[in-house]
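Take a look at the structure below.
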Protein chains: 2
Amino acid sequence: MSSAEAAYAALREGIVSGQHAGGARLEEETLAAALGVSRTPVREALRRLHAEGLVQVEPRRGARVSTWGAEELDEIFELRALVEGYGAARAATRVTEAQLAQLEDLCEAMEEAACAPGGADHALIGRLNNELHAAVHRAASSRYVAGLLTSLVQIPLVVRTFQRYQPEELARSMGHHRELVAALRAGRPEWAEAVMHAHVEAARATLRRDLGAEPAGEPAAMER
Amino acid sequence: MSSAEAAYAALREGIVSGQHAGGARLEEETLAAALGVSRTPVREALRRLHAEGLVQVEPRRGARVSTWGAEELDEIFELRALVEGYGAARAATRVTEAQLAQLEDLCEAMEEAACAPGGADHALIGRLNNELHAAVHRAASSRYVAGLLTSLVQIPLVVRTFQRYQPEELARSMGHHRELVAALRAGRPEWAEAVMHAHVEAARATLRRDLGAEPAGEPAAMER
DNA sequence: CGGGCGAACCTTGTATACGTGGTGGGGAAG
DNA sequence: CTTCCCCACCACGTATACAAGGTTCGCCCG
């Protein structure tokens, strides 16, 4: 892996994990020293993250981690519903048997992680969920769907949505995944799209509830 | 304007205008010499264009101008219809009087350019059209709509759609713009969304007709 | 004592130099 | 004559050096 790609991966992970809080300054020299590379690949990573919306860059004034307000999260979920729904509909007529099998494996793994002894493993579930959605995007065999969505899903608050799910919501999410696979297997675009819509809307509802209840509990967002 | 931004603007213009044909190699050193800057800002411009989908980059193997097949253009127009429709719906409840006035001015200017003596000025119309759509995106006051669409509209074939319009199609397009402004002024999201859908679908139909009729007449696209 | 101005420092933007992987051409062997 | 391998060249990736704009702290003036 190139230095630039490594820097990109490290920075993105640092941002979505909350290590770099929203609004935090990202100094090129500092990051370069921390990553053991020069400023050049760090700059490239920062510009890439800027293109994806994770950082904001002002000329001659450096880069900061982006922040998101409640209204912007609303926009994000509406656009996600549109684009992910489109992707799911496309996938319904293009998915292969091998991909369906993989999706079912992922469902299995997620349900296992959800029923783990001593509470659900939210980190693992989140990773598997990302993988499942990525698999649907691949099945859509579209050059654009996945790219458009990176700006919409790689957001700290969104990535950690699963940590907010209550048991009932978690079960509902698993149900959505299973139903989505069923719709894809049946080759029914409208069904797949509707399920994906519901899936995204459910996630949105959870986030809205949490943000409304404890607006001060999420220091990584809300403030600009 | 910084060198990097200048390089980006020049390269993008060169690509969408067809000066850099689809599939053409983009050598950093050559471009740097042509633009009178060093490789550093050229690299930054290339990566940015890559993020927007206009160029494809393979590690250690350089950058090439992207190409688009008929199926990919179909995807693009479907996604454009979704996202631009969403933007129009948002704009309907957020547009200001000043913005409405500006939109009407743009309509006026476009109709003037379309009725110019000695045939319509397609280049001017195209520019005004871009400006009008950008104005709608601004009116939507969304952080994401405009960004998502750059990957979908800044494409050589799409930008030059107006050159393909026949008089009747041109008139229809003007009508769409007027109706869109009317829907925005009425504050009716569904109406605005529907008009924008029709608008994008009409453009798609024109492109499909032309590509189907003379697939060899557009050397900038189709082949990979 | 407070506000505005200036200079030093710090960070970003750009240029240039160096290392490395990929590509193509030429030579030798079959 | 053809094919395969090796070497040289060339472009990309990264590091480093230099230039220029921004920020901040301190000083001077009101």
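Below, chains carry the letters A, B, ... as their sequence lines are ordered, and counting in each starts from 1.
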Return the value, rounded to whole Å, for the distance between atom [atom1] of [X] and atom [atom2] of [N].
{"X": "A:Arg48", "N": "D:dG13", "atom1": "CZ", "atom2": "P", "result": "12 Å"}
{"X": "A:Met1", "N": "C:dG21", "atom1": "CE", "atom2": "P", "result": "16 Å"}
{"X": "B:His50", "N": "D:dC12", "atom1": "NE2", "atom2": "P", "result": "15 Å"}

Under-4.0 Å salt bridge between B:Arg204 and B:Glu78: yes
For A:Glu75, is there an ion pair with B:Arg143 - N to carboxylate O distance below 4.0 angstrom? no
With no hydrogens and no angle check, is any side-chain donor or acceptor of B:Arg25 less than 3.5 Å from a backbone partner on B:Arg64? no
Give the C-alpha distance, both sets of side-chain angles, the deciding distance and a yes or no for side-chain hydrogen bond (donor to acceptor under 3.5 Å, both in side chains) between B:Glu84 and B:His137. CA-CA 8 Å; B:Glu84 292 233 39; B:His137 303 158; 3.1 Å; yes
Does a side-chain N or O from B:Ser38 land closer than 4.0 Å to OP1 or OP2 of C:dA15, or not? yes
Heavy-atom count check: over 12 atoms from other residues, nucleotides or ligands less than 6.0 Å from A:Glu201 CD? yes
Quick check, are the ring centers of A:His199 and A:His133 under 6.0 angstrom apart? yes
B/S/- contact track for nucleotides 6-13 of chain C, protein heavy atom under 4.0 Å: -----SBB
